[in-house]
Amino acid sequence: MPQRLSREQARRIAVRAQLLSGERPAGIVETIDALTIVNIEPTAAIAPSADHILWSRLGWPYQPADLVRLVEEDRAIFEWGGFYRTMTDLPLLLPDMRQRPRSADAREWLAANDRFRREVLERLRSEGPLRPADIPDTAQVSWRSSGWTNNRNTLQLLEMLVLRGEVAISSRDRAGRLFDLAERVYPADVPELSAEDAARERAERRLASLGIARAKGIAQPLEPIDVGDVGEEAVVDGIEGTWRVDPQALRDDETGFEPRTALLSPFDRLVFDRRRLEELFGYEYLLEMYKPAAKRRWGYFALPILHGDRFVGKLDAKADRKQGVLRVFAVHEDEPFDDELAGAVDGEIADLARWLSLEVRGVATSTG
């Protein structure tokens, strides 16, 4: 028989699995290991997504320079597929890397540019780490796309070689990414796993990081949101269909739940799967930075507001670093805040501003 969960239980399990309860993690590596992935999105309307996601878990101890050191010097964290990951997860990705690229067009393009590939690898060996602009484009066949990658052959090749595990991202700065040979970034003594074993362990770790998830979900290009048959089958009161729940998360839920308030990045994993977000939390959210200003409901880069196991609103704010202020335009309340909730949200806004070394400006008034 499947486990039967109330929505409140399911929400608590999801929040705790994402390290957003009152029990904060100890450090950066431990946090990324538990989350399995941390999104890399440099948009800094508030802060780059990786920094914001880690601050929302760790609080004051977190400083962006510590993440840079772990990536560039200690090599305890690496970047692949648009996410930071712990280096201990590299063995789980190698079987996937060997199957890249997946599309027939990309494989044909790579084969047609084998000389170009060898030239790029040799340049990295002799001169790396390098930016795409540092590497001459000697492609035999140009990359064709209807998007921004059209004819950007060097960048496209480097992206493919990173996905294949031949090249790795060595570091980042304000100008972008620097690429190097994978052997100079990744450790040499990596355990070999079968594709089946690696995929299953990735699914188990994904479920542990989510707490509760669907067995099948919308396909993603690199990091799935579904978990297959791992964990235990569960049903959630009032929601159609079955779920998979992490057994350890079920046990942890029996020990009690310590709530707190958090301002999340729009790229946070807890809000990434919009269908799951609406089903479990009854929360409607959309990142509106790509919408015309006149069509935005909540703001350019509104932050989801989590309080305990519920999402209660959105914060419309922007970090104005030139003026040294965090400009608060509005707090959109999904339901009217009582004094306790209003105080908790105001306190979190103040903490965010202090972490950013900014002063709060603007009146956080309800807009309904």
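- Ring to ring, Trp109 and Trp143 are close: their centroids are under 6.0 angstrom apart.
- Between Trp60 and Asp351 there is a side-chain heavy-atom pair separated by less than 4.5 Å.
- For the pair Arg214 and Trp243, the cation-pi criterion (under 6.0 Å, within 45° of the ring axis) is fulfilled.
- Between the side chain of Ser49 and the main chain of Asn39, a donor-acceptor pair closer than 3.5 Å is present.
- Residues Glu359 and Leu326 form no side-chain contact, since every pair of their non-hydrogen atoms from C-beta on lies 4.5 Å or further apart.
- With sequence neighbours excluded, the residues satisfying salt bridge (Lys or Arg N to Asp or Glu O under 4.0 Å) with Asp268 are Arg57.
- Residues passing the salt bridge (Lys or Arg N to Asp or Glu O under 4.0 Å) test with Asp173, sequence neighbours excluded: Arg131.
- Between Phe78 and Tyr186, the distance from one ring center to the other falls under 6.0 angstrom.
- By the side chain to side chain contact (heavy atoms under 4.5 Å, CB included) test, Ala302 is found to be paired with Trp298, Lys314, residues two or more places apart in sequence or in another chain being considered.
- With sequence neighbours excluded, the residues satisfying side-chain hydrogen bond (donor to acceptor under 3.5 Å, both in side chains) with Asp51 are Tyr62.
- Through direct or relayed side-chain contacts under 4.5 Å between Ile, Leu, Val, Met, Phe, Trp and Tyr, Leu193 connects to Leu92.
- Under the 30°/60° scheme for interplanar angles, the aromatic rings of Phe281 and Phe311 are found to stand perpendicular.
- When the salt bridge (Lys or Arg N to Asp or Glu O under 4.0 Å) test is applied to Arg260, no partner is found at least two apart in sequence or on another chain.
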